[in-house]
**Q** 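This is the structure I have questions about; it appears just below.
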Amino acid sequence: MQQIIFAIVTFAAFGFAAKQFLKIRRNILLGKDKDISDNAGERWKNVLLIAFGQKKMFKRWIPAVLHLFIYVAFLFTQIELIEILVDGFFGTHRFFAEPLGALYTVAISSIELLSVGAFFATLIFLIRRNLLAIPRFQMDEMTGFPKFDGNMILVLEIILLIGVFSMNGADKVLQSMGAEHYHMTGNFAVSSWLGPALFGGMSESALIGVERFGWWLHIMTVFAFLNYLPISKHLHIMLAFPNTYFAKLQPKGEMENMPEIMNEVKSMMGLIETDPDAPMDDLPEFGSNDVMSLDWKNVLGAYTCTECGRCTSVCPANITGKKLSPRKVMMDVRDRATEIGKKLDSGDMQWVKEELKAEATTLTKENFDDGKSLFDYISNEELHACTTCNACVEACPVLINPLGIILKMRRYEILTLSAGPGDWVPMFTSIENSGSVWQLPDARDKWAEEATSKN
Amino acid sequence: MSKEYKIPTMAEMAAAEKTPEVLFWVGCAGSFDSRAQKVSVAFTKILNEAGVEFAILGKEESCTGDPARRAGNEFVFQMVALQNIETLNLYKVNKIVATCPHCFNVLKNEYPALGGNYEVMHHTQFLQSLINEGRIKLKDGGAFDGKKITYHDSCYLGRANGVYEVPRSVLQNLDNELVEMQRTKTNGLCCGAGGAQMFKENEPGKKRINTERTEEALETGAEIIAVNCPFCLTMMSDGVKAKEKQESVMVYDLAELILGKM
Ligand code: HEM
Ligand code: SF4
Ligand code: SF4
């Protein structure tokens, strides 16, 4: 009976999660194609150092160490989790105990010790989030769901640990009573004393109840986590790995070239031959105003963001009270991608571009237009405040690049909308006309002539 | 100063059928901003003194296009950039040194995609190599000796290109105590000029970025703020003036500090 319920719940949990993960994948791929298949070696190195090795986390020691406990505990717990799945499907009990022998005791003991660490780390994270006034958790974008989300995953983590210790603790007591099925597993580092301390003296049936409760609580919390991930910043536990793999490898200062504009200027200057019959875009759009004109890599970053705010806490614009917050830029891109995804799922033909409504039969990302754009989320004022200093890029522990998105939106504003700060217009005109950022009557080498004439 | 002080142009060099060792890229600030001009003068004096055969493009140099590109105006960027690349390729330039980290970054990282491939150095790197090769001789006793210096990382030399140690080791050659600000190297705070901010009013906020950074520099108790960028030079000087500290605290480019020891 338990096996059948378990199988149903497991398939439902995985099935439902898979559906949501496919939607996330679809949302990420709303972004434009971009080939990132170069330098596999260097990319794997980033995954190992930055994601597995948590290298950038250690720019701030306290959260890094706390996080390390949770992270390593999570990695090791996979052993226990696989065992639960095996036991659940086949009705076994602690399937790995016999084949692994003493190693099993060591493995579970390690998980237990790490879990104790994770338990305290989680408590401290909760305190940091809610009781200490740490500025990066208290900004405008961290109200509402993001605030709830931050606490939710920590609470789920604690529930998970309660499950683990009830399960192991009761098991240890049952073992010592010689209860049927509860074979000896050797001493576990924590539950060998925690179990008797909490559950000693309870009847065998009550203990079995506690043990089963812990077992189910553990696996159900895992399933809950799995299905909560897609709407949470906790998605980073998966996406941190691909995001570090696909991270930019060029120097941070290098901006992406725009070959379409380069070639147009080259042909204007007579540097290349242009095919006069080449089809012309009647309304060329440059830069990005929405998820569809960003790269998929930009959107992957948005879904990877842990909302830790390290970027914002070092942003010179934000520090000096400007509206810009690179974390908010990432959260906005994610929210917008999710919004578009939901509308696409609805299939509602009202979201088809006006001029294509007559011929369109289904709603697709190509003919989608809901009259909104990323500019409804991110204001010009935010974009204009950026000094392109790369502090946010340097700070991000999972190698997200908020600056890349800001620059693409600036390109859209200037090139496609012909808008932007009025102050910039004289600078543009001057560069174009006189080859200098300032419109000045002097020759460019006057300084040199004056300096050498004093000889 | 012993040798004759000359700043030849590429055109003059070409006419004399000579190829200079390196092209000095002056940049807009180095050419037109009165404070940054002094850095151009200091750097060319060092080059003369070290016996480096160099030249400038003079009237043939244009803005690299950095502020236009970062503001979002790719058309204007491509126009000047392609024009510069034509000029540079015409003179068969191999090696460029720039006193502006924005020019340095664009020339080094962004011109290759447009067809301009050069070996590009920032002047702090060039100064380091001159010192290493013994081409610059530093004397005992100099105008700035004994003064406490703090070094401000520019974003485009620092984070953008990962150059943190070279300028510091150049400063080690001076007889000065070097003190670090709280936010340095990878954590260094921007002066507020980059990304074309130099050319527009600030967005509404509580404070100017250069004020925030200058306060941090002043907290170190340094009498000299050393910079490697003409825009940081303006921003930090303005910041010092706003704090009415211009009598006691000076802002200098690394080239000026080295020249003071020659
Ligand atoms: C794979 C297992 C992982 C688990 C179970 C996990 C768990 C967590 C938890 C519970 C938090 C919330 C902490 C808080 O409330 O502030 C968190 C935050 C975070 N995680 Fe992870 N994580 C994992 C992987 C990773 C990886 C691979 C990285 C990449 C370096 C990473 C980077 C972060 C960052 C930057 C934060 C924000 C923490 C801060 O405020 O500094 N995580 N993670
Ligand atoms: S690059 Fe822009 S958004 Fe990022 S930290 Fe610097 S000013 Fe802030
Ligand atoms: S972009 Fe990076 S640094 Fe900024 S909040 Fe997201 S994960 Fe943290």
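A, B, ... follow the sequence lines: proteins, then strands. Residue 1 opens every chain.
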**Q** When rounded to the nearest 0.5 angstrom, what is the spacing between OG in B/Ser31 and CG in A/Leu440?
**A**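 It comes to 10.0 Å.
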**Q** Side chain, backbone, both or neither: which part of A/Met262 has a non-hydrogen atom closer than 4.5 Å to chain B?
**A**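 Both backbone and side chain.
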**Q** Given a strict heavy-atom distance threshold of 4.5 Å, which part of A/Pro316 is in contact with chain B: side chain, backbone, both, or neither?
**A**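 Contact with chain B is through both the backbone and side chain of A/Pro316.
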**Q** Regarding B/Gln78 and A/Asn257, do their side chains bring together a donor and an acceptor under 3.5 Å, going by distance alone?
**A**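 Their side chains do contain a donor-acceptor pair, which is all the 3.5 Å distance test asks for.
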**Q** Look up atom OG in A/Ser453 and atom OH in B/Tyr5, then write down how far apart they are to the nearest 0.5 Å.
**A**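 Going from OG on A/Ser453 over to OH on B/Tyr5, the span is 10.0 Å.
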**Q** Going by an N to O cut-off under 4.0 Å, is there a salt bridge joining A/Lys323 and B/Glu203?
**A**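 Result for this pair is no, no salt bridge flagged.
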**Q** Hey, which of A/Ala395, A/Ser436, A/Ala443 has the most heavy atom pairs under 4.5 Å with chain B?
**A**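 Of A/Ala395, A/Ser436, A/Ala443, A/Ser436 has the most heavy-atom pairs under 4.5 Å with chain B.
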**Q** With side chain to side chain contact (heavy atoms under 4.5 Å, CB included) as the test, would you mind laying out the steps for A/Cys386 and B/Arg70 before giving the verdict?
**A** CA-CA 10 Å; A/Cys386 175; B/Arg70 270 135 194 93; over 6 Å; no
**Q** Which bit of A/Met409 is near chain B, if near means a heavy-atom gap under 4.5 Å: side chain, backbone, both or neither?
**A**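 Answer is neither: A/Met409 stays 4.5 Å or more from chain B.
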**Q** Can you label the angle between the A/Trp447 ring and the B/Phe24 ring as parallel, tilted or perpendicular, going by 30° and 60°?
**A**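 Perpendicular, since the angle between the ring planes exceeds 60°.
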**Q** Looking at B/Gly30, B/Gly162, B/Ser40, which one has more heavy-atom pairs under 4.5 Å with chain A than the rest?
**A**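 That would be B/Ser40.
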**Q** Chain A: which of B/Cys190, B/Pro101, B/Cys63, B/Ser154 shares the most heavy-atom pairs with it under 4.5 Å?
**A**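 Most pairs with chain A among the choices: B/Cys63.
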**Q** Given a strict heavy-atom distance threshold of 4.5 Å, which part of B/Ala29 is in contact with chain A: side chain, backbone, both, or neither?
**A**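 Both backbone and side chain of B/Ala29 come within 4.5 Å of chain A.
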**Q** Pick whichever of B/Arg208, B/Arg69, B/Met198, B/Gln37 has the most heavy-atom pairs under 4.5 Å with chain A.
**A**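 Sorted descending by pairs with chain A, the first entry is B/Arg69.
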**Q** Can you tell which part of A/Ile431 gets under 4.5 Å to a heavy atom of chain B, answering side chain, backbone, both or neither?
**A**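 For A/Ile431, the contact with chain B is made by backbone and side chain together.
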**Q** Heavy atoms only, distances under 4.5 angstrom: which of A/Asn390, A/Ile261, A/Leu324, A/Ile406 has the most pairs with chain B? Name it, please.
**A**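 Most heavy-atom pairs within the cutoff with chain B belong to A/Ile261.
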**Q** Which heavy atom of A/Phe428 sits nearest to which heavy atom of B/Val76, and what is that distance?
**A**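 Of all heavy-atom pairs spanning A/Phe428 and B/Val76, the closest is O-CG1, 4.1 Å.
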**Q** Among A/Lys446, A/Met268, A/Lys408, A/Glu432, which has the most heavy-atom pairs under 4.5 Å with chain B?
**A**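 Result: the option with the highest number of such pairs is A/Glu432.
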**Q** What option among B/Glu212, B/Glu60, B/Lys200 has the most heavy-atom pairs under 4.5 Å with chain A?
**A**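 Max contact count across the listed options: B/Lys200.
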**Q** Quick one: do the A/Lys252 and B/Asn161 side chains pair a donor with an acceptor below 3.5 Å?
**A**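 The criterion, which ignores hydrogens and geometry beyond distance, is not satisfied for B/Asn161 and A/Lys252.
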**Q** Stepwise, does the side chain to side chain donor-acceptor pair (under 3.5 Å) test hold for B/Thr186 with A/Lys59?
**A** CA-CA 10 Å; B/Thr186 53; A/Lys59 277 201 153 197; 3.2 Å; yes
**Q** For each of A/Glu381, A/Met255, A/Met258, A/Lys322, tally heavy-atom pairs with chain B at distances under 4.5 Å, and name the one with the top tally.
**A**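 The option with the most such pairs is A/Met255.
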**Q** Would you call the rings of A/Phe286 and B/Phe75 parallel, tilted or perpendicular, where under 30° means parallel and over 60° means perpendicular?
**A**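 Plane angle over 60°, so perpendicular.
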**Q** Counting heavy-atom pairs closer than 4.5 Å to chain A, which one of B/Pro204, B/Gly192, B/Cys28 comes out on top?
**A**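 Sorted descending by pairs with chain A, the first entry is B/Cys28.
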